[in-house]
S.K.: 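A single structure is presented below for examination.
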Amino acid sequence: MHPRIPRQSAREQSGLPPVSPDDDVRLSAELTAVVSGARRRALRDGDRQIDTAHLLHSLLDADAEAYAVFDAEPQLPRLLGYLVQRSIGYGLRWQGTIEDSGAVPVVTTTEGFSPLAAGAMEYACARAGHRADGPARGIDLLAAILVDPESRAVEVLTRAGIDARAVYARIDDRLPGDLWGGPPRSSR
């Protein structure tokens, strides 16, 4: 017996193109899970694209290394509250809009991502490539979403009372070498 209502793909239901980084060897398994979580959040929130706030929320939920960067942050509960309430509060003004500050070149080849989120994914892969210690990890993506001060992720951090530049500096301290994989920092 055939169902009366034909099944629809996620794209047909929400208008959001599928984002399939599963075959991207430049991403670690953990980062692939983060992107999948961000995709689910975007679909659940009725957003057309994955944005940097979706990525930040998913990183904090699914990536222990990224979460550890915020571990000593006294405003972490407030940040998590803003992220959780996105679909009913803080993020409502973002619905139906595309995240693009114009500060970075638009990347149009990554379907389903806002221009800033697509750029962050590329930046994370480039960062990992220059570090040459494996595929991009969550910590690379976290650094990437903090680069543009106009991103939604930085906006949420600022609203929660967290300085994105200080978070970026903590990330840089955790990884060997500088942004592009230079010589490791001397021990402090």
Side-chain angles (χ1 to χ4, degrees), residues 16-17 19 21 24 26-28 30-32 34-35 37-39 41-42 45 47-63 65-70 73 75-76 78-80 82-83 86 90-131 135-175 177-182:
L16 181 69
V19 178
D24 192 340
R26 302 175 307 158
L27 305 181
S28 67
E30 294 82 10
L31 187 51
T32 299
V34 164
V35 173
R39 180 185 324 122
R41 279 187 171 75
D45 293 346
D47 294 329
R48 293 178 16 195
Q49 298 176 325
I50 296 169
D51 65 26
T52 57
H54 291 123
L55 292 170
L56 175 62
H57 193 173
S58 193
L59 279 165
L60 292 173
D61 274 356
D63 190 284
E65 188 177 24
Y67 186 88
V69 173
F70 292 93
E73 188 64 55
Q75 299 299 333
L76 181 59
R78 177 185 249 180
L79 172 62
L80 294 172
Y82 280 135
L83 292 169
R86 175 188 174 135
Y90 186 71
L92 286 178
R93 65 189 177 93
W94 292 333
Q95 286 183 339
T97 63
I98 295 175
E99 177 188 36
D100 180 19
S101 70
V104 295
V106 174
V107 177
T108 57
T109 58
T110 310
E111 282 190 54
F113 286 93
S114 73
L116 286 180
M121 293 298 295
E122 289 302 317
Y123 182 95
C125 291
R127 181 181 172 103
H130 285 103
R131 204 178 52 249
R137 302 186 327 242
I139 198 83
D140 296 310
L141 181 58
L142 180 56
I145 64 176
L146 298 175
V147 170
D148 190 333
E150 300 296 318
S151 74
R152 290 179 180 172
V154 171
E155 185 178 339
V156 173
L157 286 167
T158 302
R159 179 112 173 171
I162 297 173
D163 182 5
R165 290 177 302 206
V167 173
Y168 188 89
R170 287 195 299 264
I171 293 168
D172 215 18
D173 286 343
R174 286 177 175 267
L175 294 175
D178 64 12
L179 173 65
W180 299 110

S.K.: Give, for atom CG of D51 and atom CG of L55, the distance between the pair rounded to the nearest 0.5 Å.
M.R.: 7.5 Å

S.K.: Looking at every heavy atom in both R127 and D172, which two are closest together, and how far apart are they?
M.R.: NH2-OD1, 3.9 Å

S.K.: Does CZ in F70 sit with more than 12 non-hydrogen atoms of other residues, nucleotides or ligands closer than 6.0 Å?
M.R.: yes

S.K.: Sequence neighbours excluded, which residues qualify as side chain to side chain contact (heavy atoms under 4.5 Å, CB included) partners of A66?
M.R.: L59, D63, L142

S.K.: Rounded to the nearest 0.5 Å, what separates atom CG in L80 from atom CD in Q75?
M.R.: 11.5 Å

S.K.: Mind checking the CZ-CZ spacing from R137 to R131? Nearest 0.5 Å is all I need.
M.R.: 4.5 Å

S.K.: Where the side chain of T52 meets the backbone of A117, is there a donor-acceptor pair that is under 3.5 Å apart?
M.R.: no

S.K.: Which heavy atom of I162 sits nearest to which heavy atom of L76, and what is that distance?
M.R.: CD1-N, 4.4 Å

S.K.: Excluding sequence neighbours, so at least two apart, what forms side-chain hydrogen bond (donor to acceptor under 3.5 Å, both in side chains) with D61?
M.R.: R41

S.K.: Hey, what do you get for CD (E65) to CD1 (I171), rounding to the nearest 0.5 Å?
M.R.: 9.5 Å

S.K.: For the side-chain contact (heavy atoms from CB on, under 4.5 Å) test, which of V147, V167, L146 pairs with V154?
M.R.: L146

S.K.: Would you say D47's side chain and Q49's backbone share a donor-acceptor pair under 3.5 angstrom?
M.R.: no

S.K.: Let me see the working for L56 and R152 under side chain to side chain contact (heavy atoms under 4.5 Å, CB included), right down to the final yes or no.
M.R.: CA-CA 9 Å; L56 175 62; R152 290 179 180 172; over 6 Å; no

S.K.: Taking all atoms of both residues into account, what is the closest heavy-atom pair of A38 and S58, and its distance?
M.R.: N-OG, 3.4 Å

S.K.: If you round to the nearest 0.5 Å, how far is CG of D163 from CG of L157?
M.R.: 9.0 Å

S.K.: Please enumerate all residues that pass salt bridge (Lys or Arg N to Asp or Glu O under 4.0 Å) together with E30, with sequence neighbours excluded.
M.R.: none

S.K.: Excluding sequence neighbours, so at least two apart, what forms salt bridge (Lys or Arg N to Asp or Glu O under 4.0 Å) with R78?
M.R.: none

S.K.: What are the two closest heavy atoms between A144 and Y123, and how far apart are they?
M.R.: CB-CD2, 3.2 Å

S.K.: For A62, what residues pass the side chain to side chain contact (heavy atoms under 4.5 Å, CB included) criterion, not counting sequence neighbours?
M.R.: V34

S.K.: Can you tell me how far apart CG (L83) and CG (L79) are? Round to the nearest 0.5 Å.
M.R.: 4.5 Å

S.K.: What are the two closest heavy atoms between L27 and P135, and how far apart are they?
M.R.: C-CB, 3.6 Å

S.K.: Can you list everything that forms a side chain to side chain contact (heavy atoms under 4.5 Å, CB included) with A68? Sequence neighbours excluded, please.
M.R.: R174

S.K.: Give a yes or no on whether the backbone of A53 and the side-chain of H57 come within a donor-acceptor separation of less than 3.5 Å.
M.R.: no

